[in-house]
Amino acid sequence: MTENTFIQKVMEVLRERFSPEEYEIHEDVFTKNNDTRRHGIVMKKKGEIISPTIYVDSYYKDYLDKKMTIPEIAEQISGVWQRIREHASQYNSLTLDFEFCREKVIYRLVSRERNSQLLQKIPYIPFLNLAITFQLVCNISEQGIETLRISNELMDKWGVSTRTLVTLAEKNTPRLFPPKVDSLTNLLLQYFELAEHFLPEQEGAPDPTASMLILSNECSINGATTLLYPDMIHNLAEKYQKNLYILPSSIHELILIPDDNAESLSELTKLVRDINQRHVQKEEVLSDTAYYYDRNEKRFLF
């Protein structure tokens, strides 16, 4: 059974439980980070603003693996939809008025090459081989972060420029998501290739990772955006009095290595590419490129 046929059958069961006179149910395909596509069922009670989406790709896999039947999947989707709807009801009074939203505008870094389709629909600014995109923060809690992607349509409605979004995001993002810097010595053990590449082979040898850092934000979500924080990288380079290699381990974090003339940018780029292919989910890859920050010229190279 194809995924499209599967979705149609699930919706048939849902329509038996939710009257078409009261509820609108349809399928859609959503473009996520790195142009990954996710299939979803959109359910909305007529008269309400909120129309929760339940992604069904994992349910389809469970069906193929004979872990769940279509009626069981429809039952789960009904429960998930109800919980989402109850939570989302707090946004019924949400306004997209620009003055209300201006302190909620943040930026995020994504791959420019991997998001070619998405970038046609949203405002962005090129940065290195990446793209600076913009989001509205709806809620921050222990359960996670809820955001709304700013589209070209919304920016036009506001009557503002991309430069205005950058100015707002430059202030809001570090305020809402303060940076977090940690030593990489222990964290490297979670990355076999990096540990193998940098940790000493002989017992008692000095640990070359002692000065290496992992840079993210306090919630460790989309923390690679800290690369854009004003003077963030420069101040770290000045602290070490060295230029820095920057390894984008994912959209959530960066690994910083002081330049001790022990590595080359091309070698580190091969390392990043290999780790992305073997260990990072497609939707969470930031770049296959390692970067270099020259503290004297105050610029990034790749």
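The figures that follow rest on heavy atoms only: side chains count, while hydrogens, waters and symmetry mates do not. Heads up: numbering here begins at 1 and tracks the sequence.
Atom OG of S216 and atom NZ of K180 lie 5.5 Å apart (nearest 0.5 Å). Rounded to the nearest 0.5 Å, atoms CG (N276) and NE2 (H279) are 10.5 Å apart. In this structure, CG on N243 lies 6.0 Å from CG on N296, to the nearest 0.5 angstrom. Note that OG of S220 and CD1 of I214 are 8.0 Å apart. Values are rounded to the nearest 0.5 Å. Separating the CD atom in E253 from the CG atom in L247 is a distance of 11.0 Å, to the nearest 0.5 Å.
In this structure, the side chains of F30 and V42 come closer than 4.5 Å at one or more pairs of heavy atoms. At a threshold of 4.5 Å between non-hydrogen side-chain atoms, the residues P248 and V272 count as touching. Contact of the N129 side chain with the F302 side chain is registered, since non-hydrogen atoms from C-beta on lie closer than 4.5 Å. With a 4.5 Å cut-off on side-chain heavy atoms, Q135 and V137 do not count as touching. The closest side-chain heavy-atom distance from V10 to V56 is not below 4.5 Å. Put simply, the side chain of L268 does not reach to within 4.5 Å of the side chain of Y292, judged on heavy atoms. Using a 4.5 Å cut-off on side-chain heavy atoms (C-beta onward), F6 and H39 make no contact. Taking the side chain as every heavy atom from C-beta outward, I132 and L165 never approach each other to under 4.5 Å.
For D288 and R114, the salt-bridge test passes: some basic side-chain N is under 4.0 Å from an acidic carboxylate O.
Between the T269 side chain and the A290 main chain, a donor and an acceptor come within less than 3.5 Å of each other. Not a single donor-acceptor pair under 3.5 Å links the side chain of D28 to the backbone N or O of G40. Using modelled atom types, no side-chain atom of N222 and backbone atom of Y107 make a donor-acceptor pair closer than 3.5 Å. Using modelled atom types, no side-chain atom of D62 and backbone atom of M68 make a donor-acceptor pair closer than 3.5 Å. Remark: side-chain polar atoms of T226 are not paired, donor with acceptor, to backbone N or O of Y229 under 3.5 angstrom. Between the side chain of R295 and the backbone N or O of L236 there is no donor-acceptor pair closer than 3.5 Å. R175 places a side-chain N or O within 3.5 Å of a backbone atom of E103 that can act as its donor or acceptor partner. The backbone N or O of V29 lies less than 3.5 Å from no partner atom in the side chain of R37, so there is not a single donor-acceptor pair. Judged by distance alone, with hydrogens and angles left aside, the side-chain atoms of T173 form no donor-acceptor pair with the main-chain N or O of I106 at under 3.5 Å. Of the possible polar contacts, one joining the N115 side chain to the S111 backbone as a donor-acceptor pair under 3.5 Å is found.
Residue Q241 places its CD atom among more than 12 non-hydrogen atoms of other residues, nucleotides or ligands, all under 6.0 Å distant. Within 6.0 Å of the CD atom in E283, the count of heavy atoms belonging to other residues, nucleotides or ligands exceeds 12. Enclosure of atom CD in E238 by more than 12 non-hydrogen atoms of other residues, nucleotides or ligands within 6.0 angstrom is indicated. Summarising the local packing, NZ of K9 is surrounded by 12 or fewer heavy atoms from other residues, nucleotides or ligands at distances under 6.0 Å. Counting heavy-atom neighbours within 6.0 Å of K66 NZ, excluding the residue itself, gives a total of 12 or less. Atom CD of Q8 is surrounded by more than 12 heavy atoms from other residues, nucleotides or ligands within 6.0 Å.
Each of Y291, F127, Y245 was checked for a ring-ring contact (aromatic ring centres under 6.0 Å, His included) with F300, and the lone residue meeting it is F127. A side-chain contact (heavy atoms from CB on, under 4.5 Å) with I150 is found for exactly one of L96, T133, L136, namely L136.
Side-chain heavy atoms closer than 4.5 Å link hydrophobic residues (I, L, V, M, F, W, Y) into clusters, and following such links, possibly through other members, connects I73 to W81. Using a 4.5 Å cut-off between side-chain heavy atoms of Ile, Leu, Val, Met, Phe, Trp and Tyr, with links allowed through other members, L130 and V110 fall into different hydrophobic clusters. Hydrophobic clustering of Ile, Leu, Val, Met, Phe, Trp and Tyr side chains at less than 4.5 Å, counting indirect connections, unites I251 with F177. Hydrophobic clustering places F134 together with I140 (ILVMFWY residues linked when any side-chain heavy atoms are closer than 4.5 Å, directly or through intermediates). Placement of Y293 and M232 within a single hydrophobic cluster is found when ILVMFWY residues are connected by side-chain heavy-atom separations under 4.5 Å, directly or transitively.
For the residue pair S19/E21, the side-chain donor-acceptor check at 3.5 Å is satisfied. If you check the side chains of S161 and T164, you find a donor sitting under 3.5 Å from an acceptor.
Of all the heavy atoms in D97 and W158, the pair that sits closest is C-NE1, 4.1 Å. The shortest heavy-atom contact between I255 and S249 is CD1-CB, 4.1 Å. Looking at every heavy atom in both residues, R163 comes nearest to I125 through NH2-CD1, 4.2 Å. Of all non-hydrogen atoms in R102 and N172, the two that sit nearest each other are O-ND2, 2.8 Å. Taking every heavy atom of both residues into account, P258 and K242 meet most closely at CB-CD, 4.0 Å. When all heavy atoms of E3 and Y60 are compared, the closest pair comes out as N-OH, 3.3 Å.
Below 30°, between 30° and 60°, or above 60°: for Y23 and F18 the angle between ring planes is above 60°, a perpendicular geometry.
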**Request:** Show your reasoning for whether side chain to side chain contact (heavy atoms under 4.5 Å, CB included) applies to M43 and R85.
**Result:** CA-CA 9 Å; M43 299 176 62; R85 179 168 168 259; over 6 Å; no
**Request:** Run the numbers on R108 and T147 for side chain to side chain contact (heavy atoms under 4.5 Å, CB included), then give the verdict.
**Result:** CA-CA 11 Å; R108 283 184 176 171; T147 63; 3.6 Å; yes
